[in-house]
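Remarks on the structure that follows.
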Amino acid sequence: MPELAAPSALRFEHHPAGRPVLGLGTATPRLSWQVTAAPDDYSQARYELAVTRGNTTENHAVGGGEQILVAWPGAPLTARESVSVRVRVGDATTWSEWSEPAVAEAGLLNTSDWTARFVSPRDIAGLEAPAPIVSGAIDLPGEVVQARLYATAHGLYVARINGERVGDEQLAPGWTAYRHRLRYQTHDVTALLHEGHNDLEILLGNGWFRGRLGFQGRRAIYGDRIAALAQLEVTLADGSTHVLNTDGEWTARESRIVADDLYNGQRTDLTRAEGEPTPVDVLDADLSLLVAPDGPPVRITEVVPAQSVTTSPSGKTLVDFGQNVVGWVRLKVRNAGQITVRHAEVLEDGELGVRPLRTADATDTWIVGEEATLEPELTFHGFRYAEVTGVDDLATEDIEAVVVGSDLRRTGWFDSDHELLNKFHDNVVWGMRGNFVDVPTDCPQRDERLGWTGDIQVFSPTASFLFDTAGFLGSWLADLAAEQYKDGSVPYVIPDVIRRPGPATAAWGDAATIVPWVIYQRTGDRDLLERQLPSMRLWVDKMAALAGQNLLWAGGFQFGDWLDPTAPPADPFRAKADPDVIATAHLARSAEVVALAAEVAGDADTTREYAELAAKVRDAFAREYVTPDGRVLSDAATTYALALQWALLPDAEQRRHAGDRLADLVRTAGFRISTGFVGTPLMTDALTDAGYPELAYRLLLQTGCPSWLYPVTMGATTVWERWDSMLPDGSINPGEMTSFNHYALGAVADWLHRRVAGLAPGAPGYQLIEVRPLPGRALTRAAARHLTPYGEAEVAWQREGGELQLDLTVPVGATAVVTLPGQDQTIEVRHGRHHWTLPDPYAQEEQPAAEPSIRQLMDHQPSWDRIVSAAAEAGVAADEAALADRLKPFLDAPATQIVDAATADGFIPGADRFRTLLENA
Ligand code: BGC
């Protein structure tokens, strides 16, 4: 039996374990830890925290089993205070060893801790002018023992001390709702300073603050002056402290970066001399908006080498990095002259496909006089290909792609024996990496890159599995609450740069309720949920007000089931699913979520109020949109999926009927996806829960267009915005919006984790793990692994030799409820490794039904595949989708009539040939 291990991975709030946290933003940080091994019968009954502050250590013994986000035990920290914490845990009889210490240092917790002021160049650094460098200096009369730089900017900043870059953060200070919250960073700069004269220089860029932002072409949304705020605090060996503040004494000069913009790129003239020092102005900016980061900064997370350098049909030099990434190009050049690097996600006719970038130039240019390594600092691009001009004899080893993104800790993995599916999952991960660039964005490449609420609403479950997103999304939710209108309307994008008054649209606004609920489920962060509760309520109140007396939210502006594949490329608003049905369904769902959240917060009145509202909305929904038998308006897959998954169908018979109808819609669409942003994340769950898991698998593994795997067959390395961002003939979808890096449709990965592999949260923070694997005939194995707050959990199944092997790992502190495939009762198991051997439910070949109907024939995939190819060969129907569409009215007819059914609408010349082919098959 394993012994009780000392706790590990002790951490403050959502900051990563294992390295000191600098600039902690709260005086009472919550603590979490893991225990990697314990005796089988171990349950934590108590813990003890040893908190060392200065020379004293205080011990706090606490009874209970909590180990995730436990309350800070002592007096609140003061600004700059450093603290070291250790923990040990025990059951009633034994204590573990003490953990390694975890160290944190508080940031500038109060506005009054700031003595520096924002400074902005007075005479230079206009909107069209070169990026400025502001600088100050400090003389230090002794040996430096500790130094901290607290800094931020209006715009982007890169600080250098004595010529050395400070820290490894990119695109700092990141993007928040600047009118309400501006992040500052805390850097340990002890090693960069020395006795005597020291220079601090800060390069400023336009960034989100003053550059182009949004598709309306606006600039300077937050202000027309870029500015720096820096407070350098140094402690010398003699104990004295010395501070360098940005103030009126600082100077500003022009850098060699002559233009910089996130969308357009950076222009740099390395042959140009930097400007002469000019004065700065001290700005009267509100320092109470400053906040410390909750999540990790943007960093360089990987460097991808070039795969090939080739010449395009028109003679351009093209570099392929083999992966659609977000970041920039690093390039070694040996010749002088002008060098231009253009970026694109795809090629069209062998040339850079830049139309999807719309008005973003995405071009970096350089004027160089000598050998140099070039790499921009004040921009980023979304690209797989680069077109390089002006470099002599460019070789693959001279150029690489630098990948940037929020440096989130990876926490989730999925694997199976299906290569395309694994590649798809990889693409989901890459899509997330490219779109978690401080803000959860829709896309990273065109003139948009905004925090679209609907996109993260549907993707947050997947995101929370793949990476530790609690700090990142918690910060974004604080922005959402800050920018929510007083009447409850939620801006379409957060940070809100569209600023349309009274924005309220279903599925997008519901980010206010659903994202906090998802984070709570996945991390157990109850404080965050309680903090968001007023915002959640307000959004539901807004929807309820829009719905009015009858509780049906109808009319008004809606995005609806955005990018339903049957909507015309130029008009994504024309989805099959009625937007009113979607809107009322969301009102019911969000009211329910508020009731649940209020229950967690211990607010019984609010729970009752919103549970009642949810119930009434469900009744209204059923009355208006559902027939007594269970047909749901507008008879679209999305509306069935919503109604089924969100308990909008009052009786079991209706639910059964709706499930059957959804299954038929899948069949008659030729087992291809037919939903947009709203329905897609729910489809596979809805089919599975309705008793059609094999149809969910058919949808999942479909490769025809539209489907999840179609882009993979087209060489995609990220998830696309549209099911057919690239058309089967290799041309780019003619629609205005055609990104090749949008995470929303990748939201099905959550189903892969929770159901295909079978690793789902059963109680907040995975304290209870719901293990319910769903083996399918099409896969021989699947596995999901997740670093839960308690530690590593894994579920893996494999079908082989007539048996199904199931392996499960449960971390200490968590329990798993296991539903074995093919069995109804559940088994509860505790921490440790568990194994089951069961009969393989798919050991036998799938048998077609005796005297099948056309529907049953379609469900028998081997038969259906034969029929589809016969129909194609005979010229009856080009593909599965076309054939299924013809068969739509005949699903109940005997399969023997399939030829007549498929050719019923006219004189299809191939009918006889089709019959012959089928007879011989
Ligand atoms: C974005 C989407 C977003 C949508 C609103 C688009 O331009 O790229 O992902 O949700 O607008 O419907």
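First listed ligand is number 1; within each ligand, the first listed atom is number 1. Count residues from 1 along the sequence. Values in this document were obtained by computation on a predicted structure and should not be read as measured data.
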Nearest non-hydrogen partners of Asp361 and Asn264, listed with the distance: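 Shortest heavy-atom contact: N-OD1, 3.3 Å.
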Over 12 non-hydrogen atoms of neighbours within 6.0 angstrom of CZ in Arg499: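 Not buried by this count: 12 neighbours or fewer within 6.0 Å.
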Pair Arg212 + Glu448: basic N to acidic O under 4.0 Å: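 The answer is no: the pair does not qualify as a salt bridge.
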Among Glu736, Glu345, Glu721, the one residue meeting salt bridge (charged side-chain N to carboxylate O under 4.0 Å, His left out) with Arg446: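 For Arg446, the salt bridge (charged side-chain N to carboxylate O under 4.0 Å, His left out) check succeeds only for Glu721.
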Sub-4.5 Å side-chain heavy-atom contact between Phe459 and Phe436: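 Yes; the side chains approach each other to less than 4.5 Å.
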Neighbouring protein residues of ligand 1 - any heavy atom closer than 4.0 Å: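 These residues qualify: Asp442, Arg446, Glu448, Trp452, Asp455, Trp508, Phe559, Trp562, Phe677, Glu721, Met737, His742.
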For Trp646, all residues meeting ring pair (Phe, Tyr, Trp, His ring centres under 6.0 Å), sequence neighbours excluded: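 Partners of Trp646 under the ring pair (Phe, Tyr, Trp, His ring centres under 6.0 Å) test: His586.
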